Student: 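Sharing a structure here in structure tokens format.
Chain identifiers are assigned alphabetically (A, B, ...) following the order of the sequence lines, protein sequences preceding nucleic acid strands; residue numbering begins at 1 within each chain. Computation of the quantities below employed the complete heavy-atom set of this structure, encompassing side-chain atoms and omitting hydrogens, waters and symmetry-equivalent molecules. Small disclaimer: the values here were computed from a predicted structure and weren't measured.
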Amino acid sequence: MRDLDKGKEVHSYALQQGIISDIVVATPIVSMYAKCGELKKAKELFLSLQGRDIVAWSAFLSSLVQAGYPREVCSLFREMQHEGLRPDEVTLISVLSACAEVSCHRLGKSMHCYALKADLESNISTVTTLISMYTKFKLFIHAMTLFNKTHCKDVVTWNTLINGFIRFGDPIHAFEMLQRLKLMGIRQDAGTMVSMVSACSLLDNLKLGISFHGQIKKSGFESDIHVKVALMDMYAKCGSLKSAETLFYTTSMKDEVSWNVMITGYLQNRRANEAISTFNRMKFENVRPNLVTFVTILPAVSCLLALREGMAIHSCIIQMGFITSTLIGNGLIDMYAKCGQLSYAEKCFHEMENKDTISWNTMLSGYAMHGQGDSAIALFSLMEEFDAKIDSVSFLSVLSACRHTGLVQEGRSIFESMCEKHHVEPNMEHYACMVDLLGHAGLFDEALGLINKMPAEPNAEVWGALLGACKIYSNLKLGELALNHLLKLEPENPVHHVVLSDIYAQCGRWNEAGRARSNMKDHGLKKCPGRSWVDADHR
DNA sequence: GTAGGGTTAG
């Protein structure tokens, strides 16, 4: 029940009775603390236990996986081995789940090896966990080999594989496995339904989703909360928000996941306002938001530029102890940058204890957004200094900051360092960014030289960047060249004709300007008028 | 005293 207060009462009673040193008493208390998210307390109590045996270890490790601390499990497992204890099936299952969660291939595979040697691989739970792990590693060959050679498969084993295909983005194989499961005469359970409904979301196939909903009603699985949530998610993702709402409002026992799914659904359907009001209602109804709630709600705040709301949510995050999460920290940086408060974004960034590449990239793109090229370059150097992992997004962010600020020399040298120093291959976006930077500085020879040196055919973004620069400098010759490429790549886009017409007009070639416009009409194209305002609800 | 899959976010 995750009832920490009651748990503490039991703990103090055990202390009072002097029975806390009994391992049978202490083990479930450790589990209770871990499952309630009290990692420090659980660890402290566990490490003070005299004569920890394999059951105590397994209980502790399994509670940690369930509470979402897979990294802790992997490192603690090594400590367990130092104590000379041999893992049993339960230990194995917990460690394998942890490996799956954090993509720890080495430990996961060596655990599999151990399972074989210790003859624990015939256990159906162990095999299922192994299959699950391999699908999470995206190693389907291993998952399938295990699946095919296991004879004692039950519906959970099947569901695991089916779900693996869905997570991998392969609904076709998932449906194929469902057919095979039916042919084998295995009874489907609620878990099977969850997978199939998710497959419909993935296919964006509302009709199929509705037909599964019909089957679910008939088979009585609709009362299962997981099934219900999967259905809400499917309806929201397939654009039928009304049906999602109906299901949501007719559910009496709504957990935090149901609320999260609705909040996400509103946001996916561009209704950020309702996402935020649903979040506020969730708090009003005393449902405790979790990590996912905050990860979802922060982009809704950015979308509405609702700074005050964002700050209220920030304080809520601190109060509830989520501020140490890297995921949350990254969301806050992004939210403040997008709401125009770059200094708050910086503060969040610098106060973060565990920064990952995304934290750095988010801060870099914040600087880019605000045209602060120098700050972006300084941060990028810091990134190199701190030995943070620099990826292709980092480069795109810092280069686009250079572009917005017109820092040609700096951009050029960072672009060159990409391959040479960091071994990151530039993609189309990087090239487009550089062409834009060079073009805006009037360096047409260099921009064209770069285009000619590209390993792949330049796309519309690259030529579009060149055309845009041509417009500023009234460079008709290159403008026409860029346009010819654009017309081949995107014949339906009216904007290209308009830009060319503008260049002709700037050169005083009014006849050609008119012809470019009428060319557009001849092709039945019409440009939507631009608008400088944006209705937050429609972004 | 501990135990397999399935819902949300990234």
Side-chain angles (χ1 to χ4, degrees), chain A residues 14 22-32 34-35 46 49 52-66 68 87-97 100 120 123-133 135-136 150 152-164 166-167 174 188-199 201 221 224-234 236-237 255-265 267-268 289-300 325-331 334 356-359 362:
Chain A
D22 186 336
I23 194 130
V24 180
V25 175
T27 301
I29 297 179
V30 169
S31 280
M32 179 277 295
K35 287 180 181 172
F46 181 73
L49 281 181
R52 293 183 287 266
D53 60 1
I54 193 66
V55 176
W57 269 101
S58 301
F60 185 39
L61 295 178
S62 119
S63 313
L64 290 177
V65 191
Q66 288 176 37
D88 65 2
E89 299 102 304
V90 184
T91 333
L92 204 65
I93 284 167
S94 306
V95 177
L96 287 171
S97 319
L120 299 172
N123 178 312
I124 189 163
S125 302
T126 310
V127 180
T128 307
T129 312
L130 276 167
I131 292 172
S132 171
M133 179 186 77
T135 64
K136 284 176 181 161
T150 305
C152 60
K153 291 189 279 274
D154 65 4
V155 68
V156 179
T157 319
W158 281 84
N159 291 349
T160 304
L161 191 64
I162 292 177
N163 207 54
I166 290 165
R167 200 176 320 102
Q188 303 162 48
D189 72 354
T192 323
M193 294 301 150
V194 170
S195 301
M196 296 338 290
V197 172
S198 312
S201 320
F221 288 128
D224 183 294
I225 186 72
H226 287 124
V227 174
K228 227 171 198 171
V229 166
L231 281 167
M232 281 179 219
D233 182 55
M234 181 275 294
K237 286 208 171 109
D255 62 355
E256 72 278 9
V257 180
S258 340
W259 285 91
N260 290 350
V261 168
M262 267 331 279
I263 293 170
T264 311
L267 200 59
Q268 281 161 349
N290 65 9
L291 189 84
V292 179
T293 317
F294 290 111
V295 171
T296 316
I297 204 70
L298 288 172
S325 152
T326 305
L327 217 53
I328 294 281
N330 296 347
D334 192 55
D356 61 5
T357 299
I358 298 180
S359 325
T362 310

Student: What string of B, S and - do you get for nucleotides 3-10 of chain B, 5' to 3', when a contact is any protein heavy atom under 4.0 Å?
Tutor: BBBBBBB-

Student: Using side chain to side chain contact (heavy atoms under 4.5 Å, CB included), reason through A/S62 and A/I93 one step at a time and then give a plain yes or no.
Tutor: CA-CA 8 Å; A/S62 119; A/I93 284 167; over 6 Å; no

Student: For the residue pair A/V95 and A/L61, what are the closest heavy atoms and their distance?
Tutor: CG2-CD1, 4.2 Å

Student: Do A/T91 side-chain atoms and A/D88 backbone N/O form a donor-acceptor pair below 3.5 Å?
Tutor: yes

Student: Between CG of A/L291 and CD of A/E256, what distance do you get to the nearest 0.5 Å?
Tutor: 11.0 Å

Student: Looking for any heavy atom pair under 4.0 Å, which part of the strands does A/D53 touch: base, sugar-phosphate only, or nothing?
Tutor: base

Student: Can you tell me if A/S198 uses its side chain to pair, donor with acceptor, with the backbone of A/V194 under 3.5 Å?
Tutor: yes

Student: Base, sugar-phosphate, or nothing for A/I131, non-hydrogen atoms under 4.0 angstrom?
Tutor: nothing

